[in-house]
Amino acid sequence: QVHVVESGGGLVQAGGSLRLSCTASGRTASTVFMGWFRQTPGKEREFVAAISWSEGTNYYADSVKGRFAISRDNAKNTGYLLMNNLKPVDTAVYFCAARLYRGDEPIHRPYTYGSWGQGTQVTVSS
């Protein structure tokens, strides 16, 4: 079992930046991918970015490509999501998740992730 906890959310003006952190504990050696998703009330959870834990390969949603950067520090069992040039449409609860297998399922599907954090609110004011 892998447990993940997010931190770093907050209120920022449009054009500003925030860095989210996701710290994993438990059987962290089982982590294959770490993903970031976001959700607003009444909408489905949306893929934001993911990283392969061993190779460091990055994946991004088109809506954040060029503005967000995902990274990880294996020694600290921590992943990061640096969000630049934030827009009001980025306002959401951001969730970190761990996927414990490689498989063929798409990287952006929430159901492929087995461990989820409690979420952290990001609010971007105009």
Side-chain angles (χ1 to χ4, degrees):
Q1 186 77 5
V2 175
H3 302 279
V4 294
V5 178
E6 309 94 339
S7 61
L11 173 65
V12 64
Q13 288 189 332
S17 299
L18 279 176
R19 190 180 78 160
L20 305 182
S21 299
C22 176
T23 301
S25 60
R27 296 180 59 188
T28 56
S30 301
T31 302
V32 179
F33 296 101
M34 178 174 282
W36 288 94
F37 294 79
R38 64 189 182 186
Q39 191 170 23
T40 54
K43 293 190 176 181
E44 293 187 355
R45 200 160 291 189
E46 173 191 26
F47 172 75
V48 175
I51 187 167
S52 60
W53 202 246
S54 57
E55 299 90 357
T57 305
N58 299 336
Y59 307 82
Y60 295 100
D62 288 342
S63 59
V64 306
K65 205 171 291 183
R67 299 189 298 123
F68 291 11
I70 190 170
S71 61
R72 91 276 191 239
D73 184 332
N74 297 71
K76 295 182 178 180
N77 292 319
T78 300
Y80 303 97
L81 184 68
L82 176 62
M83 306 183 292
N84 296 316
N85 190 21
L86 282 161
K87 305 175 182 180
V89 294
D90 295 317
T91 296
V93 177
Y94 283 71
F95 296 89
C96 169
R99 174 164 152 172
L100 307 184
Y101 67 98
R102 192 163 298 276
D104 295 327
E105 290 88 344
I107 198 72
H108 64 282
R109 296 297 187 190
Y111 71 84
T112 67
Y113 293 77
S115 302
W116 290 84
Q118 80 287 351
T120 185
Q121 176 71 45
V122 172
T123 302
V124 184
S125 63
S126 57

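Bear in mind that the values here come from a model prediction, so they are computed numbers and not experimental data. For reference, positions follow the sequence shown, starting with 1.
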Approximate separation, where rounding is to 0.5 Å, of Arg38 CZ and Ser63 OG: 4.5 Å

Heavy-atom pair with the smallest gap, counting every atom of Thr40 and Ala92: CG2-CB, 3.7 Å

Over all atoms of both residues, closest heavy-atom pair of Thr112 and Arg99: OG1-NH1, 3.1 Å

Minimum heavy-atom distance between Trp53 and Gly79, given as atom pair plus value: CH2-N, 3.9 Å

Within 6.0 Å of CD in Gln118, more than 12 heavy atoms from elsewhere: yes

Spacing of OG belonging to Ser54 relative to CG belonging to Asn74, to within rounding of 0.5 Å: 8.0 Å

Co-membership, hydrophobic cluster, residues Leu81 and Val12, 4.5 Å side-chain: yes

Set of residues satisfying salt bridge (charged side-chain N to carboxylate O under 4.0 Å, His left out) with respect to Glu6, sequence neighbours excluded: none

Verdict with supporting geometry, Asp73 and Thr78, side-chain hydrogen bond (donor to acceptor under 3.5 Å, both in side chains): CA-CA 5 Å; Asp73 184 332; Thr78 300; over 6 Å; no

Beyond-backbone contact of Tyr101 with Phe33, side-chain heavy atoms, under 4.5 angstrom: no

side-chain contact (heavy atoms from CB on, under 4.5 Å) evaluation trace for Leu100 with Val32: CA-CA 5 Å; Leu100 307 184; Val32 179; 5.5 Å; no

Check: Arg109 main-chain N/O paired with Glu105 side-chain donor or acceptor under 3.5 Å: no

Verdict with reasoning, Lys65 to Asp62, per salt bridge (charged side-chain N to carboxylate O under 4.0 Å, His left out): CA-CA 5 Å; Lys65 205 171 291 183; Asp62 288 342; 3.2 Å; yes

N/O donor-acceptor pair under 3.5 Å between Ser115 side chain and Ala98 backbone: no

Contact summary for Ala14 and Ser126, nearest pair of heavy atoms: CB-CA, 4.3 Å

Single-linkage hydrophobic cluster Tyr80~Leu20, side-chain heavy atoms < 4.5 angstrom: no

Closest non-hydrogen atom pair between Tyr113 and Phe37, with its separation: CE1-CZ, 3.4 Å

Test side-chain contact (heavy atoms from CB on, under 4.5 Å) applied to Thr123 - qualifying residues, sequence neighbours left out: Leu11, Thr91, Gln121

All pairs passing disulfide (SG to SG under 2.5 Å) where residues 23-122 contributes a residue, at least two apart: Cys22-Cys96

Carboxylate-amine/guanidinium proximity below 4.0 Å for Arg102 and Glu55: yes

Nearest heavy-atom neighbours spanning Gly9 and Val122: CA-CG2, 4.1 Å

Distance (rounded to the nearest 0.5 Å) between Met34 CE and Ile51 CD1: 9.0 Å

Parallel, tilted or perpendicular: rings of Tyr94 and Phe68 (30°, 60°): tilted

Ring-face cation of Arg45 near Phe95 (centre distance under 6.0 Å, axis angle within 45°): yes

Rounded distance (nearest 0.5 Å) linking atom NZ of Lys76 with atom OG of Ser21: 9.5 Å

Value rounded to 0.5 Å, distance of OG in Ser17 from CG in Leu86: 6.0 Å

Rounded distance [0.5 Å steps], CE in Met83 versus CZ in Arg67: 9.5 Å

